[in-house]
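Chain A is the first sequence line, chain B the second, and so forth, proteins listed ahead of strands; every chain is numbered from 1. All values below come from the heavy atoms of this structure, side chains included, with hydrogens, waters and symmetry mates left out.
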Amino acid sequence: MPVAGDVAGRGDVEASGVRDDVVAWFDAHARDLPWRAADRTPWGVLVSEVMLQQTPVVRVEPAWRAWLDRWPTPADLAAAPTGDVLRAWDRLGYPRRALRLQECARAVVERHGGVLPDDEDALLALPGVGPYTAAAVRAFAFGRRSVVLDTNVRRVLARVAAGEALPAPALTVAETARAAAWVPDDDASAARWAAASMELGALVCTARSPRCDACPVADRCRWLAAGRPADAHAHRRRAQAWAGTDRQARGRVMALLREALAPVPHAAVAAVWPDVAQLARCLDALVVDGLVVREDAAGDAPDPDAATYRLPH
DNA sequence: AAGTCGGGGAC
DNA sequence: GTCCCAGACTT
């Protein structure tokens, strides 16, 4: 039976009871992640959130420790050589995130005196910080109320509240409203709900093989009650290609340049990718992105084959 | 609203 | 091989 005031799509489940049980489960089962430690800093939390954008926790954890040990504050990262930043990013993927994180550090220094703001609009204005990351930093770094809606929370609510296997491919206004309706009113409870619902999605209510037998709210889950029906949006999901894509080519180039001790001649770059035209296109794009610097050989008519490539300084 | 952007581990 | 991962940004 819906509770009074259930006007924003919480569904038939009783939200506060579910929230309480998810939070209690979190208190007993939360992972001991370094960006949750008592000595964490707001900047450290932001770094973790950017690294976790599309990269799994197990790969982020060691990188985060090394990163914060080397550049503990926004001012430290702002002053670092960009090439060092890209090398430290290593194989976390999507290296443009590393560029944006350094731009973010520089913006924090210039706009906010080196102190990360807790205002949502100020956070959103920072490079690399979108709706999810701004909300997450507000909740996890500052303990403030925000609507933290990542892939885990989306999936948990899709199942518990809507009875669907997975959320729609694209976030809708209605889904955001539903998530907002689930967030408790006060700061501390809202922050705890955000962390707990994300953790439940990461550890129990997983995309592939959910462990409903270990779920603290299995008895109130609409999806489980319906017999775990298949994903209704499956026909709209398209597998991301990989082999032979520009992304793979870019990754090969970046891996080569990260390891290089000196500018790499064009012929050596060409050795890592067989498609000449595709490689040329990707190199141009990497230069435009600011991930790679091309230096033409001295002379009147620059010869593409005589150019060298390196990471930015 | 749809495309683009890495990389690796689980299945 | 396919799918998924604490998304953001561009067009």
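Applying the side-chain hydrogen bond (donor to acceptor under 3.5 Å, both in side chains) test to every pair with at least one member in residues 276-294 of chain A, sequence neighbours left out, gives these pairs: A:Asp246-A:Gln278, A:Asp246-A:Arg281, A:Arg250-A:Asp289, A:Trp273-A:Gln278, A:Asp284-A:Arg294, A:Arg294-A:Tyr309. Applying the ring pair (Phe, Tyr, Trp, His ring centres under 6.0 Å) test to pairs two or more places apart or on separate chains, none has a residue in residues 118-138 of chain A. Residue pairs that meet the ring pair (Phe, Tyr, Trp, His ring centres under 6.0 Å) test with at least one member in residues 72-99 of chain A, sequence neighbours left out, are A:Trp67-A:Trp89.
A heavy-atom distance below 4.0 Å to DNA chain B is reached by none of the residues of residues 263-294 of chain A. Within residues 47-79 of chain A, the residues having any heavy atom closer than 4.0 Å to DNA chain B are, in order of number, A:Gln54, A:Thr55, A:Pro56, A:Arg59.
The nearest whole Å value for the distance from the CE atom in A:Met254 to the P atom in B:dC5 is 14 Å. Protein atom CG of A:Asp90 is 12 Å distant from nucleotide atom C1' of B:dG6, rounded to whole Å. The CG-C1' distance, from A:Leu203 to B:dA10, rounds to 16 Å in whole Å. Separating the CZ atom of A:Arg211 from the C1' atom of B:dA10 is a distance of 15 Å, rounded to the nearest angstrom. Remark: P of B:dC5 and CD of A:Gln248 are 13 Å apart, rounded to the nearest angstrom.
A:Leu33 comes within 4.0 angstrom of a nucleotide base, judged by non-hydrogen atoms across all strands. Contacts of A:Arg154 with the nucleic acid, taken as non-hydrogen atoms under 4.0 Å apart, are absent. Residue contacts shown for A:Gly130 are limited to sugar-phosphate atoms, with no base heavy atom under 4.0 Å away. Using a 4.0 Å heavy-atom cutoff across all strands shown, A:Ala207 reaches sugar-phosphate atoms only and no base atom. Across all strands shown, A:Trp35 has heavy atoms under 4.0 Å from base atoms, whether or not it also approaches the sugar-phosphate.
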Side-chain atoms of residues 159-166 of chain A: list all donor-acceptor pairs with protein atoms under 3.5 Å, sequence neighbours left out, distances to 0.1 Å.
residue, atom, partner, partner atom, Å
A:Arg159, NE, A:Ala165, O, 2.8
A:Arg159, NH1, A:Cys205, O, 3.4
A:Arg159, NH1, A:Thr206, O, 2.8
A:Arg159, NH2, A:Ala165, O, 3.3
A:Arg159, NH2, A:Thr206, O, 3.1

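Side-chain N or O atoms of A:Arg40 include none that pairs as donor or acceptor with a backbone N or O of A:Ala141 at under 3.5 Å. A donor-acceptor pair under 3.5 Å is formed between the side chain of A:Arg97 and the backbone N or O of A:Leu92.
Looking at residues two or more places apart in sequence or on another chain, you find no side chain to side chain donor-acceptor pair (under 3.5 Å) involving A:Arg91. Applying the side chain to side chain contact (heavy atoms under 4.5 Å, CB included) criterion to A:Asp27, with sequence neighbours excluded, gives A:Val23, A:Arg192. Residues satisfying the side chain to side chain contact (heavy atoms under 4.5 Å, CB included) criterion with A:Asp119, sequence neighbours excluded, are A:Asp121, A:Ala122. Applying the side chain to side chain contact (heavy atoms under 4.5 Å, CB included) rule to A:Leu171 yields the partners A:Leu149, A:Arg154, A:Glu175, A:Thr176; only residues at least two apart in sequence or on another chain are considered. In terms of the ring-ring contact (aromatic ring centres under 6.0 Å, His included) criterion, A:His112 has no residue partners (sequence neighbours excluded).
Remark: the A:Arg247 side chain and the B:dG6 base include a donor-acceptor N/O pair separated by less than 3.5 Å.
Here chain A contacts DNA chain C (any atom closer than 4.0 Å to a heavy atom, that is under 4.0 Å), and the contacts span C:dC3 to C:dC9 from 5' to 3'.
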